[in-house]
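I have placed the structure first, in the form of structure tokens, so that the comments after it can refer back to it.
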Amino acid sequence: MADGIKRFSAQAGIAIGPILFVIALLAILAAVLSAGTGGGFGTAGVADRVTHEVVGQANLIRTKINECHMQYLINGTNFARDPCAHDPYPCSDQIDGTLVEELTCPNDPLTAEGAEQSLWMGPRTATLPPPTQGFGPWLYINAGDRGGRCFWTAPTKGNASVGSVEGLKRAATKFSSQELLYDNTSVKQRFIILITKPTEKADPHCSLP
């Protein structure tokens with residue numbers, strides 16, 4: 001009987017070892033998946049994602065807006081109406097800005113209905129990815145030559161997310177001071193890409209608070 005007990009105990013010890021190992025692996029996996037909670041793995045993962053997505057989306061949006069402007073330089077046609085009459089850049093709401101995904105190009109032929117064509121679905125089709133997780137949508141304002149033209153985004157929780165702030169700090173290194181306005185110590189963490197710098201007093205949207 002004693003020998004039987006000893007054999008059973010040894011087998012139990014062997015079985016418990018792998019179980020504890022699996023539990024430890026699950027705990028590590030849970031930590032990795034808890035991105036954005038301040039944990040080491042989570043923060044690093046969020047920062048990497050934010051940097052990659054924000055830089056990619058900002059460059060894509062800037063390219064599409066400049067493509068629209070280039071059409072004016074090439075063809076000399078412009079169908080812009082008030083409040084942006086004769087302006088070769090996409091128009092916007094003058095108070096709050098316009099969602100980038102809703103922008104139109106005033107320099108392309110009008111649609112059959114007589115409206116400006118979408119910046120994204122017109123002659124130069126492109127796909128705008130959804131906003132980065134944890135961020136608001138990209139917004140654009142055209143305040144003319146005087147107030148400037150820019151677009152921006154910001155984390156929905158401002159500087160509360162360590163990963164988002166770290167990601168934006170890295171993203172900021174990819175742009176010059178002539179292209180970007182960003183203050184990594186600010187509460188709102190607005191990331192502003194300049195299309196044209198203002199010649200006079202900047203529109204509030206195209207300047208840091």
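All residue numbers refer to positions in the sequence shown, counting from 1.
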(request) Without swapping roles, check the side chain of Ser161 against the backbone of Gly158 for a donor-acceptor pair under 3.5 Å. (result) no

(request) Give every residue pair that meets the salt bridge (Lys or Arg N to Asp or Glu O under 4.0 Å) criterion with at least one member in residues 187-197, sequence neighbours excluded. (result) none

(message) So does Leu99 get a backbone contact from the side chain of Glu102, meaning a donor-acceptor N/O pair under 3.5 Å?
(response) no

(message) How long is the straight-line distance from CE of Met70 back to CD1 of Ile65, given to the nearest 0.5 Å?
(response) 14.0 Å

(request) Would you check if Ser186 and Asn159 make a side-chain contact, meaning some heavy-atom pair closer than 4.5 Å? (result) no

(request) Quick one: which residue pairs count as a disulfide bond (SG atoms under 2.5 Å apart) with a foot in residues 156-192, not counting sequence neighbours? (result) none

(message) Quick one: does any side-chain atom of Asp183 pair with a main-chain N or O of Leu208 as donor and acceptor, under 3.5 Å?
(response) no

(request) For Glu200, check salt bridge (Lys or Arg N to Asp or Glu O under 4.0 Å) against everything at least two apart and list the hits. (result) Arg146

(message) One pair to check against side-chain contact (heavy atoms from CB on, under 4.5 Å): Thr98 and Leu103. What are the steps and the verdict?
(response) CA-CA 7 Å; Thr98 297; Leu103 292 181; 4.0 Å; yes

(request) Using a strict 4.0 Å threshold on nitrogen-to-oxygen distance, state whether Asp87 and Arg149 make a salt bridge. (result) yes

(request) Sorted by first residue and then second, give each disulfide bond (SG atoms under 2.5 Å apart) pair with at least one member in residues 99-161; sequence neighbours left out. (result) Cys68-Cys105, Cys150-Cys206

(message) Checking the side chain of Thr156 only, and the main-chain atoms of Gly134 only, is there a donor and an acceptor separated by less than 3.5 Å?
(response) yes

(request) Compare all side-chain heavy atoms of Gln117 with those of Leu110 and state whether any distance is below 4.5 angstrom. (result) no

(request) May I have all residue pairs that pass salt bridge (Lys or Arg N to Asp or Glu O under 4.0 Å) and include part of residues 157-176, sequence neighbours excluded? (result) Asp48-Arg170, Glu166-Lys169, Glu166-Arg170

(message) Checking the side chain of His52 only, and the main-chain atoms of Ala47 only, is there a donor and an acceptor separated by less than 3.5 Å?
(response) no

(request) Measure the OG1-CZ distance between Thr111 and Phe79 for me, rounded to the nearest 0.5 Å. (result) 10.5 Å

(request) Report the residues that fulfil ring pair (Phe, Tyr, Trp, His ring centres under 6.0 Å) with Tyr140, sequence neighbours left out, ordered by chain and then residue number. (result) none

(message) Using a strict threshold of under 4.0 Å (side-chain N to carboxylate O), is an ion pair present between Arg81 and Glu116?
(response) no

(message) Could you measure the distance from the CG atom of Leu73 to the CG atom of Asn107? Nearest 0.5 Å is fine.
(response) 8.5 Å

(request) Compare every heavy atom of Asn142 with every heavy atom of Pro90, then report the nearest pair and how far apart it is. (result) O-ND2, 3.0 Å

(message) How close do Leu60 and Pro129 get, counting heavy atoms only, and between which atoms?
(response) CD2-CD, 3.8 Å

(message) Distance check, rounded to the nearest 0.5 Å: Asn66 atom CG versus Gln71 atom CD?
(response) 12.0 Å

(message) I need the minimum non-hydrogen distance between Arg49 and Gln133, along with the two atoms involved.
(response) NH1-O, 3.3 Å

(request) With sequence neighbours excluded, tell me which residues meet ring pair (Phe, Tyr, Trp, His ring centres under 6.0 Å) with Tyr182. (result) Phe191

(request) For Phe151, enumerate each residue passing the ring pair (Phe, Tyr, Trp, His ring centres under 6.0 Å) test, keeping only those at least two apart in sequence or located in another chain. (result) Trp138

(request) Taking all non-hydrogen atoms of both residues into account, name the closest pair between Gln189 and Asn184 and its distance. (result) NE2-O, 3.1 Å

(request) Search all heavy atoms of Pro137 against all heavy atoms of Thr153 and return the closest pair with its distance. (result) O-OG1, 4.0 Å

(request) Considering only Ile, Leu, Val, Met, Phe, Trp and Tyr, and joining two whenever side-chain heavy atoms are under 4.5 Å apart, list the other residues clustered with Val187. (result) none

(request) For residues Ile141 and Trp152, determine if any side-chain heavy atom of one lies less than 4.5 Å from a side-chain heavy atom of the other. (result) yes

(message) With a 4.5 Å cut-off on side-chain heavy atoms, are Leu180 and Leu194 touching?
(response) no

(message) Evaluate Ile193 against Glu179 for side-chain contact (heavy atoms from CB on, under 4.5 Å), listing each step before the verdict.
(response) CA-CA 6 Å; Ile193 301 293; Glu179 302 170 312; 5.5 Å; no

(message) Between Thr77 and Asn75, do the side chains contain a donor N or O and an acceptor N or O under 3.5 Å apart?
(response) no

(request) For the pair Ser118 (side chain) and Thr104 (backbone), establish whether a donor and an acceptor sit closer than 3.5 Å, ignoring hydrogens and angles. (result) no

(request) Could you tell me whether the side chain of Ser92 reaches within less than 4.5 Å of the side chain of Leu139, counting heavy atoms only? (result) no

(message) For a quick test of reading the model, state the closest non-hydrogen atom pair linking His205 to Ile192 and the distance between them.
(response) O-CD1, 3.7 Å

(request) Please name all residues satisfying side chain to side chain contact (heavy atoms under 4.5 Å, CB included) with Cys91, sequence neighbours left out, ordered by chain then number. (result) Pro83, Cys84, Gln94

(request) With the side chain counted from C-beta on, respond yes when Val46 and Ser164 share a heavy-atom pair under 4.5 Å apart, and no when they do not. (result) yes

(message) Enumerate the salt bridge (Lys or Arg N to Asp or Glu O under 4.0 Å) contacts for residues 124-138, please, sequence neighbours excluded, ordered by first and then second residue.
(response) Glu67-Arg124, Asp108-Arg124

(message) Taking side chain to side chain contact (heavy atoms under 4.5 Å, CB included) as the definition, give me every residue that meets it alongside Ala126, ordered by chain and number, with sequence neighbours left out.
(response) Lys64, Trp120

